[in-house]
Amino acid sequence: MSHETEILEEALQKIVQWSEAYPLSVFPEPDWKKAAQVLKAAGLTLDSISAACMRDVVRGAGEIARAALAQAARIDRVDHALARQLARSMQLNAQLHQRIKELEQGALNA
């Protein structure tokens with residue numbers, strides 16, 4: 001498994017763990033009608049509270065995903081740079097070996 005894949009898998013695991021953080025056994029479903037009535041009496045709506053909660057959840061999941069994608073992209077850029085350097089080194093090494101052979105042939109012919 002590539003390092004980039006490991007990073008992305010770790011991020012997905014964090015999101016899965018977060019999704020399991022509030023089990024129904026600890027936080028049972030509220031009485032939505034009662035909650036709506038209480039909020040309405042206070043000048044709030046259940047929709048505005050729900051939207052705020054969802055924004056927070058989605059923002060958090062997005063931060064995990066963005067951080068993992070950025071880290072994987074950095075590793076990918078480094079890997080490509082190293083691959084280019086290795087290819088250039090191999091090319092120069094082949095040229096050096098060829099030149100050594102030429103010099104050896106010249107020394108044998110002299």
Indicate every side-chain donor-acceptor pair of residues 15-24 with a distance under 3.5 Å to a residue at least two apart or in another chain.
| unit_1 | atom_1 | unit_2 | atom_2 | d |
| --- | --- | --- | --- | --- |
| Ser19 | OG | Val16 | O | 2.6 |

Let me have the donor-acceptor pairs involving side chains of residues 27-45, under 3.5 Å, with sequence neighbours excluded, atom names and distances please.
| unit_1 | atom_1 | unit_2 | atom_2 | d |
| --- | --- | --- | --- | --- |
| Glu29 | OE1 | Trp32 | NE1 | 3.3 |
| Asp31 | OD1 | Lys33 | N | 3.2 |
| Asp31 | OD1 | Lys34 | N | 3.1 |
| Thr45 | OG1 | Ser48 | N | 3.0 |
| Thr45 | OG1 | Ser48 | OG | 3.2 |

Pair up each side-chain donor or acceptor in residues 84-92 with any protein partner under 3.5 Å, not counting sequence neighbours, and list the distances.
| unit_1 | atom_1 | unit_2 | atom_2 | d |
| --- | --- | --- | --- | --- |
| Arg88 | NH1 | Gln91 | OE1 | 2.8 |
| Ser89 | OG | Gln85 | O | 3.0 |

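Side-chain contact between Glu10 and Lys14 is present, with heavy atoms from C-beta onward closer than 4.5 Å. Residues Gln98 and Gln95 are not in side-chain contact: their nearest non-hydrogen atoms beyond the backbone lie 4.5 Å or more apart.
Counting Ile, Leu, Val, Met, Phe, Trp and Tyr side chains that sit under 4.5 Å apart, directly or through other members, Val57 stands alone, with no cluster partners.
Residue pairs that meet the salt bridge (Lys or Arg N to Asp or Glu O under 4.0 Å) test with at least one member in residues 92-110, sequence neighbours left out, are Arg99-Glu102.
A pairwise comparison of heavy atoms in Arg66 and Arg59 identifies NH2-O, 4.1 Å as the closest pair.
Residues passing the side-chain contact (heavy atoms from CB on, under 4.5 Å) test with Arg74, sequence neighbours excluded: Ala70, Gln71, Arg77.
In this structure, the separation between CD1 on Ile64 and CG on Leu69 is 12.0 Å, given to the nearest 0.5 Å.
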